Trainee: 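Supplied in structure tokens, the structure appears directly below.
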Amino acid sequence: MQKQIIKKYYKFFIEKHKTRLDNYLIEKLPIMYTRSIIHQIIILGNVYINKTQILNKKYKLKKKDIIEIYNIYINKYKFLLKSDNIKINIIYEDEYLLIINKPFNSVVHPGTSNQKGTILNGIKFYFEKNKIKKPYLANRLDKETSGLIIVVTDEKILKNISKQFTLNLIKKKYIALVNGNIEKNNITIYSNIIRNRKKKYNMEISSFRGKVCLSSFKVIERLKDITVLKCRIYTGRTHQIRVHLKKIGHPIFNDKKYGGDQILCDNIPLCKKKIINHIIKNSNFIALHANSLELIHPIFITKIKYNYIIPYQIYLLIKIMSTL
């Protein structure tokens with residue numbers, strides 16, 4: 001561990017309707033500022049709104065408010081990012097950014113309980129070998145989810161990618177296997193999503209609070225009690241796809257957190273049901289894969305688009321269900 005004091009100045013102009021101060025800062029500040037760190041920043045009196053010191057993390061922001069953050073003091077100690085010789089599946093690479101395929105059951109970012117063994121540790125090892133200073137994650141995926149993520153080599157490039165996400169210029173698409181048969185070919189879901197504090201890391205739909213989220217789903221194939229979907233998200237709320245599919249009664253296959261581990265396919269041969277049960281009980285994954293990523297290169301100003309094949313476990317499930 002290394003002693004760390006960060007002194008930076010940030011200024012934001014509120015352009016939208018009312019939202020909570022801490023939620024707004026979580027969206028706007030760099031990825032290293034977690035919710036707990038932001039709460040510390042507010043409590044320590046470093047946040048001013050319209051030149052008035054604000055100590056309440058739940059303060060409701062209004063349009064035209066001006067937020068200023070002075071001399072941010074994060075933590076007494078900061079964990080140094082350690083390098084770890086982990087195999088990284090690089091799909092695209094240049095001196096400014098990487099697109100990598102994250103396998104399921106792998107953590108993207110280290111924390112206090114897992115300082116090594118994450119994707120970012122492996123990227124740092126790769127960067128050190130190639131004499132690149134520091135990796136910056138531009139987006140994340142849940143531990144149980146596989147697919148494409150963006151890593152950049154410079155803080156200015158990170159801001160460019162973050163802006164593209166904000167303006168919805170980056171197109172992220174997923175393949176999902178969900179329980180049950182969906183009758184409609186196309187579904188669009190627009191709702192508020194909030195974090196349920198009584199259930200750690202669980203998110204849920206709210207009728208009047210939370211962040212407004214938009215997702216669209218297109219049926220690719222209907223199998224025996226399983227539907228294969230192409231998913232696109234236009235906002236970036238935690239667990240957004242998982243929550244929206246639960247809302248319509250079709251949770252993602254093997255998503256234990258949102259009810260997808262309940263097998264709906266009872267009338268199938270015993271041998272195939274045993275294989276499915278084995279996959280569920282012995283794999284910490286959900287049948288969701290971020291297979292497509294399209295963005296504007298921050299330096300070359302050209303569109304780059306990459307697709308990646310679905311993991312073997314999802315492919316095997318499709319094969320089993322398509323033969324019933």
Side-chain angles (χ1 to χ4, degrees), residues 4-76 78 96-97 108-109 111 120 134-140 149-172 190-195 197 203 206 208-214 233-240 295-296 298-299 301:
Q4 175 80 4
I5 294 179
I6 293 183
K7 291 188 176 181
K8 284 192 175 182
Y9 172 80
Y10 291 96
K11 188 173 185 177
F12 302 108
F13 298 89
I14 308 302
E15 299 174 354
K16 296 183 180 180
H17 57 277
K18 289 183 180 181
T19 184
R20 253 175 60 160
L21 173 61
D22 58 346
N23 291 337
Y24 180 84
L25 293 180
I26 285 167
E27 290 183 20
K28 292 297 182 181
L29 288 172
I31 199 167
M32 62 182 176
Y33 296 103
T34 63
R35 181 176 290 272
S36 61
I37 290 173
I38 287 170
H39 287 173
Q40 289 180 45
I41 291 168
I42 296 169
I43 291 168
L44 288 169
N46 293 318
V47 178
Y48 288 75
I49 299 177
N50 306 325
K51 304 298 182 182
T52 300
Q53 188 181 55
I54 301 296
L55 302 175
N56 181 9
K57 65 185 180 183
K58 297 181 181 180
Y59 179 90
K60 290 290 185 180
L61 297 169
K62 301 179 290 295
K63 192 173 181 180
K64 297 185 179 180
D65 277 349
I66 299 174
I67 304 175
E68 294 177 281
I69 310 174
Y70 299 92
N71 296 331
I72 293 180
Y73 171 74
I74 290 187
N75 264 335
K76 189 175 181 181
K78 179 186 175 184
Y96 306 105
L97 63 86
V108 174
H109 197 283
L120 197 57
K134 183 180 177 182
Y136 295 87
L137 283 173
N139 67 308
R140 300 184 187 183
I149 58 176
I150 306 169
V151 182
V152 300
T153 59
D154 182 85
E155 199 166 354
K156 290 182 179 178
I157 297 174
L158 177 64
K159 289 180 180 179
N160 179 287
I161 297 295
S162 298
K163 189 70 173 178
Q164 288 192 51
F165 273 114
T166 301
L167 297 174
N168 202 28
L169 296 175
I170 294 180
K171 296 179 181 177
K172 289 174 62 182
Y190 184 80
S191 69
N192 289 20
I193 294 179
I194 62 170
R195 187 180 298 276
R197 298 294 177 185
M203 314 297 287
S206 172
F208 58 93
R209 293 188 298 123
K211 182 179 177 181
V212 177
C213 299
L214 177 64
I233 55 174
Y234 300 87
T235 48
R237 189 61 163 160
T238 302
H239 296 178
Q240 180 175 321
L295 67 148
I296 300 170
I299 303 299
I301 319 300

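Quick note: residue numbers are just sequence positions, from 1. These numbers come from a predicted model, not from an experiment.
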Trainee: Could you go through Leu169 and Leu295, starting from their C-alpha distance and side-chain angles, then the distance that decides it, and tell me whether this counts as side-chain contact (heavy atoms from CB on, under 4.5 Å)?
Mentor: CA-CA 7 Å; Leu169 296 175; Leu295 67 148; over 6 Å; no
Trainee: Could you report the tightest heavy-atom contact between Cys213 and Arg237, atom names first, then the distance?
Mentor: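 In this case the closest contact between Cys213 and Arg237 is SG-CB, 3.2 Å.
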Trainee: My understanding is that only residues two or more places apart in sequence, or in another chain, count here; which of them pass side chain to side chain contact (heavy atoms under 4.5 Å, CB included) with Glu68?
Mentor: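 Side chain to side chain contact (heavy atoms under 4.5 Å, CB included) list for Glu68, sorted by chain: Tyr9, Lys11, Lys51, Ile66, Tyr70.
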Trainee: Quick one: does Ile67's side chain get under 4.5 Å of Ile14's, heavy atoms only?
Mentor: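 Of all side-chain heavy-atom pairs linking Ile14 with Ile67, at least one is under 4.5 Å.
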Trainee: Kindly compute the distance separating CZ (Arg140) from CG (Leu120), expressed to the nearest 0.5 Å.
Mentor: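 Those atoms lie 8.5 Å apart.
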Trainee: Rounded to the nearest 0.5 Å, what separation is found between the OG1 atom of Thr235 and the OH atom of Tyr190?
Mentor: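 Reported value, rounded in 0.5 Å steps: 9.0 Å.
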Trainee: Got a second to check how far Lys159's NZ is from Lys163's NZ, nearest 0.5 Å?
Mentor: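 Nearest 0.5 Å value for the NZ-NZ distance: 12.0 Å.
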Trainee: Of all the heavy-atom pairs spanning Val151 and Pro135, show the shortest one and how long it is.
Mentor: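 Where Val151 meets Pro135 most closely, the heavy atoms are CG1-CB, 4.0 Å.
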Trainee: Are side-chain heavy atoms of Ile42 and Asn56 found at a separation under 4.5 Å?
Mentor: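 Not in contact.
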Trainee: Heavy-atom distance under 4.5 Å between the side chains of Leu61 and Ile49, does that happen here?
Mentor: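 Side-chain contact under 4.5 Å: yes.
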Trainee: Applying side chain to side chain contact (heavy atoms under 4.5 Å, CB included), name anything that partners Thr153, two or more places apart in sequence or on another chain.
Mentor: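 Thr153 satisfies side chain to side chain contact (heavy atoms under 4.5 Å, CB included) with Phe127, Ile132, Ile157 only.
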Trainee: Between Asp22 and Arg35, is there a side-chain N and carboxylate O pair less than 4.0 Å apart?
Mentor: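 Salt bridge present between Asp22 and Arg35.
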Trainee: Determine whether Asp65 and Tyr59 satisfy the following criterion, side-chain contact (heavy atoms from CB on, under 4.5 Å), listing intermediate values before the conclusion.
Mentor: CA-CA 12 Å; Asp65 277 349; Tyr59 179 90; 4.2 Å; yes
Trainee: Can you tell me how far CD1 of Ile170 sits from CD of Gln164, rounded to the nearest 0.5 angstrom?
Mentor: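 That separation rounds to 4.5 Å.
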Trainee: Check whether any side-chain heavy atom of Val152 sits under 4.5 Å from a side-chain heavy atom of Leu137, and report yes or no.
Mentor: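 Not touching, per the 4.5 Å side-chain cut-off.
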Trainee: In Å and rounded to the nearest 0.5 Å, what is the CD1 to NZ distance from Ile296 to Lys171?
Mentor: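 Rounded to the nearest 0.5 Å, the CD1-NZ separation comes out at 9.5 Å.
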Trainee: Check for a donor-acceptor pair, side chain of Asp154 on one end and backbone N or O of Lys156 on the other, with a separation under 3.5 Å.
Mentor: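 Yes; judged by distance alone, with no hydrogens or angles, the pair exists.
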Trainee: Answer yes or no: is there a donor N or O on one side and an acceptor on the other, between the side chain of Asn23 and the main chain of Arg20, under 3.5 Å?
Mentor: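 The answer is no, because no donor-acceptor pair under 3.5 Å joins these two groups.
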Trainee: Who passes ring pair (Phe, Tyr, Trp, His ring centres under 6.0 Å) against Phe165, sequence neighbours left out?
Mentor: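 Counting only residues at least two positions away or on another chain, Phe165 forms no ring pair (Phe, Tyr, Trp, His ring centres under 6.0 Å).
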Trainee: Any chance you could lay out the side-chain contact (heavy atoms from CB on, under 4.5 Å) test for Ile38 and Ile26, step after step, and finish with the verdict?
Mentor: CA-CA 7 Å; Ile38 287 170; Ile26 285 167; 3.4 Å; yes
Trainee: Give me the atom names and distance for the closest heavy-atom approach of Gly45 to Leu55.
Mentor: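 Smallest heavy-atom distance, with atoms named: CA-CD2, 3.5 Å.
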Trainee: Donor-acceptor pair, Asn139 side chain versus Ile150 backbone, under 3.5 Å?
Mentor: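 Such a contact is found between Asn139 side chain and Ile150 backbone.
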Trainee: Give the intermediate values and the outcome of side-chain contact (heavy atoms from CB on, under 4.5 Å) for residues Leu25 and Phe12.
Mentor: CA-CA 9 Å; Leu25 293 180; Phe12 302 108; 4.1 Å; yes
Trainee: Backbone N or O of Ile233 within a donor-acceptor pair of the Gln240 side chain at under 3.5 Å?
Mentor: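 No.
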Trainee: In Å, rounded to the nearest 0.5 Å, how long is the span from CD1 of Ile194 to CG of Asn192?
Mentor: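 Between atom CD1 of Ile194 and atom CG of Asn192 there are 8.5 Å.
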